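A short worksheet on the structure shown next.
Everything numeric here is computed off the predicted structure, so don't read it as measured data.
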Amino acid sequence: LVRRFLGGREELGRVVGLLYAVNTLGAALGALLAGYLLVPTLGVRGALAVAILTNLLVAVLVFVLGARYRGERTAPAVADAPEAGPAVAGREARTLGRAAIVILAVGGFVTFGLELTYVHLLAVVVGNSAYAFALMLFTFLAGLTAGAAAARAVLRANPPLALLLVLAQAILAATVLLGAYLWNAVPGYFASFAAYELTRSFGAREFVRFVVCLVALGPPAFVIGLAYPFAIEAVGRAHPGREVEAMGRASALNTLGNILGAVTTGFLLLPALGSLRTLHLVSGLSLLLSLAALPFVTGAGNRLRGAAAAAAALALLVTQPSSFDLTRLSTGANVYFEPQFYGTVVDHAESLDGGLTSVVEARPRGAERVLTLLTNGKFQGDDSRSGEMVAQSSFGLVPLLHDDRRGRALVIGLGTGVSARVLSDAGFAELEIAELSGDIVRMARTHFASVNAGVLDRPSVRVHVTDGRNFLLLEERSYDVISLEISSIWFAGASTLYNKEFYQLVRSRLAPGGVLQQWVQLHRISPLDIASVLASVRSQFRYVWLYYVGQQGIIVAAEHDARPSRRTLERLESDPGLAEIRALHGGSFAGLLRSRVLSPEATDRLLATIAGGPDFLPLVSTDDNLFLEYSTPRGNVRRFGESLRQNVAWLMRFRPADLLEATDLGADDLGPAAHPQAGR
């Protein structure tokens with residue numbers, strides 16, 4: 001394409017600016033359409049089909065237009081027969097061309113280092129949903145588009161090329177360093193909308209997120225898009241008559257820099273330095289590139305302008321804050337557009353898999369200190385000995401009402417480690433834990449041993465820092481209990497642990513008579529989403545129960561009729577290893593039986609009501625339709641208490657009138673009428 005457009009008044013940099021802008025604009029629109037329209041409405045296969053058909057249409061158009069062009073062409077294109085001129089560029093142009101190649105190679109590292117760090121930070125302060133990542137990608141690509149288009153206009157005026165290279169790199173460093181002062185204010189900006197009814201809708205909140213992405217990511221992306229055609233133009237001038245070949249080699253080096261920037265930043269810099277220091281380092285590289293190009297600037301005035309820009313960037317670098325205000329960044333105000341405060345950050349870690357993992361400390365008046373574990377500001381558990389421990393321990397206890405075997409168990413999603421501790425205390429011979437984030441593992445071991453009783457260091461426990469679904473794909477052993485307590489479904493990627501294909505995998509890894517337990521949120525979620533979760537589980541398991549404990553939903557599923565029995569209850573009640581946990585539940589686990597909301601029959605009645613008949617398969621979320629991935633983020637606009645009350649009331653409509661339905665228990669086994677209900 002470059003060869004076709006090159007010639008006449010069109011210089012290499014202007015041609016690249018045009019094609020790069022048009023191509024990147026298409027990429028930006030593709031990201032936006034795929035994230036907000038194609039995948040949510042057509043599914044993965046449907047979106048891929050649209051992409052394939054669009055590409056085929058482009059091929060047909062190129063074939064038709066190409067044939068017309070060949071028929072109308074009467075003379076060789078200028079690019080095929082360059083005008084007479086010096087076969088070899090001047091020494092100054094060759095030297096500047098070599099500097100431009102260095103700028104492209106190192107600049108490629110800078111580009112993806114910045115993009116990855118910005119997306120990491122935006123995930124902390126803007127959001128973790130699939131929609132949020134589509135917005136981030138769109139904003140970055142749109143910034144590149146605008147920058148490339150602007151570069152085409154700048155090159156038309158034929159300014160000193162060396163000065164452009166200096167200014168572009170210095171301005172890039174300056175925009176990143178100036179932006180570092182804004183990150184602490186973003187959570188407060190989201191919280192400021194709490195009183196505005198206008199932002200009670202999903203669309204309005206997405207627009208606010210877009211504005212934040214635009215302010216944070218737009219300026220550096222614009223400058224990156226601006227700098228690329230400048231550097232390519234310098235490479236072209238160093239190779240007259242061979243511009244296209246030189247551009248190809250330079251672009252390859254730029255892409256190699258992209259790859260190294262992504263790998264190095266993601267696996268080394270972010271975990272070791274944190275996001276702020278990584279921004280400082282990458283900005284410093286841009287500043288060095290600016291200084292490296294400064295000697296090639298001719299003219300005292302131009303050199304002074306370049307030096308002033310580099311000096312301003314250097315001044316910003318040496319006056320940078322030493323750290324972000326992690327307490328502000330960890331508030332998670334972007335999630336619900338409400339001010340939230342869990343406490344003051346006392347420990348934190350950053351990584352690609354874990355985002356910003358933080359432990360915050362609060363000292364409620366008249367109460368003991370409480371430590372809370374957060375992921376990107378989202379609550380994951382705490383060490384309070386009141387209601388939250390009831391909920392966390394119940395994730396491990398409820399499945400044991402349905403299975404009295406204690407061979408091998410798997411916990412996917414560690415959190416503070418309480419659920420794993422309960423299963424270990426219950427006497428499982430082997431307990432495996434699959435946790436995606438190594439930061440979560442470290443925080444649980446360091447700060448929450450008081451509630452998890454050091455479960456991570458027990459001889460019978462093995463911890464795997466890996467994705468839970470991939471772990472099951474690679475693991476051939478079977479389990480008596482598979483327990484899941486991951487973060488909210490609306491987190492990007494979390495729905496893959498609520499889709500039909502995952503439950504099919506779990507069923508294949510359960511031992512005969514084994515049971516699945518999974519947490520499901522009942523707040524800030526629609527009844528249709530709850531029904532979809534239940535339908536997805538039910539599509540692979542014949543028997544599905546739902547409990548409501550500590551304001552949380554707990555699903556239990558099995559292929560056999562694993563109904564609660566006197567045998568399973570008595571084993572729990574008599575287990576000496578569970579004495580401390582039993583005390584939290586009022587001295588008996590019998591109250592858990594009263595928290596059962598849906599029996600298998602009631603689950604089927606609910607699904608038949610929602611689906612309008614016995615065929616509930618249209619409600620099932622799959623790896624193709626990704627229904628829950630794109631539906632659950634919309635529920636975040638719902639208020640916590642209101643949505644919880646409405647959903648529980650709706651579920652209670654299907655609750656069996658006889659609490660003993662589908663159990664092998666007597667009325668005396670149900671325990672006290674009340675059961676602790678607390679938690680977040």
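Contact check for Phe395 versus Gln552: side-chain heavy atoms found under the 4.5 Å cut-off. By the 4.5 Å heavy-atom criterion applied to side chains, Thr265 and Leu352 are not counted as neighbours. Side-chain contact check for Asn499 versus Phe627: every heavy-atom pair is 4.5 Å or farther apart. By the 4.5 Å heavy-atom criterion applied to side chains, Asp347 and Thr357 are not counted as neighbours. You'll find the side chain of Leu626 reaches within 4.5 Å of the side chain of Val39, heavy atoms only. The closest side-chain heavy-atom distance from Tyr498 to Ser621 is not below 4.5 Å. Proximity of Arg563 to Tyr543: side-chain heavy atoms (C-beta onward) are nowhere separated by under 4.5 Å. With a 4.5 Å cut-off on side-chain heavy atoms, Leu606 and Leu534 count as touching.
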* Asked: Can you list the steps and then say if Leu651 with Tyr548 is a side chain to side chain contact (heavy atoms under 4.5 Å, CB included)?
  -> CA-CA 10 Å; Leu651 288 167; Tyr548 175 56; over 6 Å; no
* Run the numbers on Ser275 and Glu350 for side-chain hydrogen bond (donor to acceptor under 3.5 Å, both in side chains), then give the verdict. => CA-CA 7 Å; Ser275 51; Glu350 293 184 80; 2.8 Å; yes
* To do: Before giving the answer on side chain to side chain contact (heavy atoms under 4.5 Å, CB included), spell out for Leu400 and Phe589 the whole-Å C-alpha distance, their side-chain angles and the decisive distance to 0.1 Å.
  => CA-CA 11 Å; Leu400 302 185; Phe589 296 129; over 6 Å; no
* To do: Output, in order, the C-alpha distance, side-chain angles, deciding distance and verdict of side chain to side chain contact (heavy atoms under 4.5 Å, CB included) for His585 and Ser394.
  => CA-CA 9 Å; His585 289 257; Ser394 295; 3.3 Å; yes
* Please step through side-chain hydrogen bond (donor to acceptor under 3.5 Å, both in side chains) for the pair Gln380 and Thr416, ending with a clear verdict. => CA-CA 7 Å; Gln380 302 297 331; Thr416 58; over 6 Å; no
* To do: Walk me through it: do Val515 and Ile482 pass the test side chain to side chain contact (heavy atoms under 4.5 Å, CB included)?
  => CA-CA 7 Å; Val515 298; Ile482 295 180; over 6 Å; no
* To do: Any chance you could lay out the side-chain hydrogen bond (donor to acceptor under 3.5 Å, both in side chains) test for His523 and Gln551, step after step, and finish with the verdict?
  => CA-CA 8 Å; His523 57 275; Gln551 297 184 330; over 6 Å; no
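Ring geometry for Tyr131 against Tyr630 counts as perpendicular: the plane angle is over 60°, on a 0 to 90° scale with 30° as the lower cut.
Here the straight-line distance linking atom CD1 of Ile530 with atom CG of Leu598 works out to 10.0 Å at 0.5 Å rounding. How far CE of Met652 is from CZ of Arg655: 4.5 Å, rounded to the nearest 0.5 Å. If you take CG on Leu628 and CG on Leu528, they are separated by 9.0 Å, rounding to the nearest 0.5 Å. Taking OG1 of Thr663 as the reference point, atom CZ of Arg566 lies at 9.5 Å (rounded to 0.5 Å). Taken from CG in Leu516 to CD in Gln518, the straight-line distance is 6.0 Å, to the nearest 0.5 Å. His447 NE2 to Leu371 CG: the interatomic distance, rounded to the nearest 0.5 Å, is 7.5 Å.
Closest approach of Phe133 to Asn128, counting heavy atoms only: CE1-O, 3.4 Å. The shortest heavy-atom contact between Phe428 and Leu423 is CD1-O, 3.1 Å. A pairwise comparison of heavy atoms in Val520 and Leu546 identifies CG1-CD1, 4.0 Å as the closest pair. The minimum heavy-atom distance between Leu456 and Ala444, with the atom names listed, is CD1-CB, 4.2 Å. Ser437 and Gly354 make their closest contact through OG-CA, 3.5 Å (heavy atoms, listed as atom of the first residue, atom of the second, distance). Contact record, Gln392 with Ser419: O-OG, 3.0 Å, taken as the closest heavy-atom pair.
No donor-acceptor distance shorter than 3.5 angstrom exists from the side chain of Ser424 to the backbone of Ala420, with no hydrogens or angles considered. A donor-acceptor pair under 3.5 Å links the side-chain atoms of Asn647 to the main chain of Ile525, judged by distance alone. Checked by atom type and distance alone, the side chain of Asn452 never pairs as donor or acceptor with a backbone atom of Val418 at under 3.5 Å. Formation of a donor-acceptor pair under 3.5 Å by the Thr603 side chain with backbone atoms of Val544 is found in this model. Listed for the Asp480 side chain is no donor-acceptor partner under 3.5 Å among the backbone atoms of Ala409. Judged by distance alone, the side chain of Arg209 and the main-chain N or O of Val126 form a donor-acceptor pair under 3.5 Å. Side chain of Arg445 to backbone of Asp457: no donor-acceptor contact under 3.5 angstrom is found. Looking at Arg542, its side chain never comes within 3.5 Å of a backbone N or O of Glu559 through a donor-acceptor pair. Under the 3.5 Å distance criterion, the side-chain polar atoms of Ser643 are matched with a main-chain donor or acceptor of Phe640. Of the possible donor and acceptor atoms, none in the side chain of Ser330 sits under 3.5 Å from a partner among the backbone N and O of Thr327.
Figure legend: cation-pi geometry between Arg509 and Tyr479 absent, as NZ or CZ is not positioned both under 6.0 Å from the six-membered ring centre and within 45° of its axis.
Counting only N and O atoms by type, the side chains of Lys378 and Ser488 include a donor and acceptor under 3.5 Å apart. Counting only N and O atoms by type, the side chains of Asp529 and Ser526 include a donor and acceptor under 3.5 Å apart. Under 3.5 Å, the side chains of Ser351 and Asp353 contain a donor-acceptor pair of N or O atoms.
Using a 4.0 Å cut-off between a side-chain N of Lys or Arg and a carboxylate O of Asp or Glu, Arg596 and Glu661 do not qualify as a salt bridge. Under the 4.0 Å criterion applied to side-chain N and carboxylate O atoms, Asp623 and Arg469 are assigned as salt-bridge partners. With salt bridges taken as basic N to acidic carboxylate O contacts below 4.0 Å, none links Asp575 and Arg582. Electrostatic pairing of Arg363 and Glu368 does not count as a salt bridge here, judged by no charged N lying under 4.0 Å from a carboxylate O. Using a 4.0 Å cut-off between charged side-chain N and carboxylate O, Arg462 and Glu435 make no salt bridge. Of the charged side-chain nitrogens involved, at least one lies within less than 4.0 Å of a carboxylate oxygen, so that Arg458 and Asp425 count as a salt-bridged pair. Ion pairing between Arg538 and Asp604 holds under the 4.0 Å rule for side-chain N and carboxylate O. Under 4.0 Å is where a charged nitrogen must lie from a carboxylate oxygen, and between Asp404 and Arg571 no such pair does.
Centroid-to-centroid, the aromatic rings of Tyr547 and His402 come within less than 6.0 Å.
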